[in-house]
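For this chain, numbers begin at 1 and follow the sequence in order.
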Amino acid sequence: MYIEVLKSKIHRVTITEANLNYVGSITVDEDLLDAANMIAGEKVQVLNVTNGERLETYIIKGERGSGVICLNGAAAHKANVGDIVILVSYALLDFEEAKTFKPTVIFPDTATNRLVE
């Protein structure tokens, strides 16, 4: 049996841009992606702490060190610049493997969207 478990989480980052004129997705600073063990094209849930909206989309790599968190396309209607969001991704694991699996969770500085030492 397989179950879906938390794989990666970027906890509380700030939306820096919302771009309606793009095909779709969320752009995320590459430093955050590396730290959270996430990759371009990966499906993520975007949980908007500010307004309660939840959506699913996929990741686009943003400029390394920029702190960018940009909702693109129709998803841009679901958040405003300055909103706080949580990004989560999941993995399908065998039930026994899932019991010992440890997700990657990072807590960037919410004001800058950069990693905290």
Side-chain angles (χ1 to χ4, degrees):
M1 169 177 44
Y2 289 91
I3 62 170
E4 195 168 15
V5 298
L6 176 68
K7 180 189 85 61
S8 300
K9 179 178 177 182
I10 300 175
H11 189 77
R12 297 181 67 93
V13 286
T14 302
I15 297 291
T16 59
E17 301 172 46
N19 182 355
L20 285 170
N21 298 314
Y22 192 83
V23 178
S25 70
I26 187 165
T27 305
V28 180
D29 179 325
E30 193 171 3
D31 283 342
L32 296 177
L33 295 179
D34 289 349
N37 194 29
M38 292 177 166
I39 61 170
E42 184 171 357
K43 177 179 165 182
V44 290
Q45 281 189 319
V46 180
L47 314 174
N48 191 322
V49 175
T50 304
N51 67 19
E53 291 282 355
R54 299 169 76 93
L55 65 106
E56 290 182 341
T57 190
Y58 62 93
I59 296 169
I60 291 179
K61 255 189 251 187
E63 182 181 345
R64 187 176 293 282
S66 67
V68 66
I69 303 291
C70 178
L71 274 173
N72 299 300
H77 287 290
K78 301 290 188 179
N80 294 309
V81 171
D83 283 2
I84 304 297
V85 297
I86 298 168
L87 306 177
V88 293
S89 67
Y90 303 91
L92 282 176
L93 297 177
D94 172 80
F95 184 74
E96 292 303 317
E97 181 184 7
K99 289 179 180 179
T100 59
F101 178 77
K102 300 290 186 243
T104 303
V105 179
I106 65 168
F107 300 87
D109 180 289
T110 304
T112 64
N113 293 341
R114 290 186 176 79
L115 298 171
V116 179
E117 295 299 321

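Under 4.0 Å is where a charged nitrogen must lie from a carboxylate oxygen, and between Asp109 and Arg114 no such pair does. Here Lys61 does not pair with Asp29 in a salt bridge; the nearest charged N to carboxylate O distance is not below 4.0 Å.
Val28 and Ile106 end up in the same hydrophobic cluster when Ile, Leu, Val, Met, Phe, Trp and Tyr side chains are linked at under 4.5 Å. Grouping the Ile, Leu, Val, Met, Phe, Trp and Tyr side chains by contacts below 4.5 angstrom, directly or via other members, places Val46 with Val13. Linking ILVMFWY side-chain heavy atoms closer than 4.5 Å, directly or via other members, places Val85 and Leu33 in a single hydrophobic cluster. Residues Leu55 and Tyr90 fall into different hydrophobic clusters, defined by Ile, Leu, Val, Met, Phe, Trp and Tyr side chains chained together at heavy-atom separations under 4.5 Å. Residues Tyr22 and Leu87 are members of separate hydrophobic clusters, defined by side-chain heavy-atom contacts under 4.5 angstrom among Ile, Leu, Val, Met, Phe, Trp and Tyr.
Note that CG of Asn48 and CD1 of Ile15 are 7.0 Å apart. Values are rounded to the nearest 0.5 Å. In this structure, Leu71 CG and Thr57 OG1 are separated by 7.5 Å, a value rounded to the nearest 0.5 Å. Here His11 contributes atom NE2 and Ile86 contributes atom CD1; the two are 4.5 Å apart, rounded to the nearest 0.5 Å. We find the OG-CG distance between Ser8 and Leu32 to be 12.0 Å, quoted to the nearest 0.5 Å. Taking CG of Leu6 as the start and OG of Ser89 as the end, the distance is 7.0 Å to the nearest 0.5 Å. Between the CG atom in Leu92 and the OH atom in Tyr2 there is a gap of 9.0 Å [rounded to 0.5 Å].
Counting only distance, with no hydrogens or angles, the side chain of Asn51 and the backbone of Ala79 share no donor-acceptor pair below 3.5 Å. The closest donor-acceptor contact from the side chain of Asp31 to the backbone of Gly65 lies under 3.5 Å. No donor-acceptor pair under 3.5 Å is formed between the side chain of Lys7 and the backbone N or O of Lys102. The backbone N or O of Thr110 lies less than 3.5 Å from a partner atom in the side chain of Thr14, making a donor-acceptor pair.
Summarising the local packing, CZ of Arg54 is surrounded by 12 or fewer heavy atoms from other residues, nucleotides or ligands at distances under 6.0 Å. More than 12 non-hydrogen atoms from other residues, nucleotides or ligands lie less than 6.0 angstrom from CZ of Phe107.
Looking at heavy atoms from C-beta onward, Glu63 lies out of side-chain contact with Glu30 at the 4.5 angstrom threshold. Counting only heavy atoms from C-beta outward, the side chains of Asp34 and Arg64 approach each other to under 4.5 Å.
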Worksheet item: Is there a side chain to side chain contact (heavy atoms under 4.5 Å, CB included) between Met38 and Ile10 once you walk through the steps?
Response: CA-CA 9 Å; Met38 292 177 166; Ile10 300 175; 3.8 Å; yes
Discussion item. Let's go through Ile39 and Ile59 carefully: what are the C-alpha distance in whole Å and the side-chain angles of both, what is the deciding distance for side chain to side chain contact (heavy atoms under 4.5 Å, CB included) to 0.1 Å, and is it a yes or a no?
Written reply: CA-CA 7 Å; Ile39 61 170; Ile59 296 169; over 6 Å; no
Practice prompt. Take Val5 and Phe101 through the test side chain to side chain contact (heavy atoms under 4.5 Å, CB included) and record every step on the way to the result.
Written response: CA-CA 9 Å; Val5 298; Phe101 178 77; 4.2 Å; yes
Item to complete: Step by step, work out the side chain to side chain contact (heavy atoms under 4.5 Å, CB included) result for Ile26 and Val44.
Response: CA-CA 9 Å; Ile26 187 165; Val44 290; 4.0 Å; yes
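Nearest heavy-atom pair across Leu20 and Ala76 is CD2-CB, 3.7 Å. When every heavy atom of Ala98 is checked against every heavy atom of Ile3, the shortest pair comes out as CB-CD1, 3.7 Å. Heavy-atom minimum distance, Tyr58 versus Gly41: CB-O, 3.8 Å.
If you check the side chains of Thr27 and Asn72, you find a donor sitting under 3.5 Å from an acceptor.
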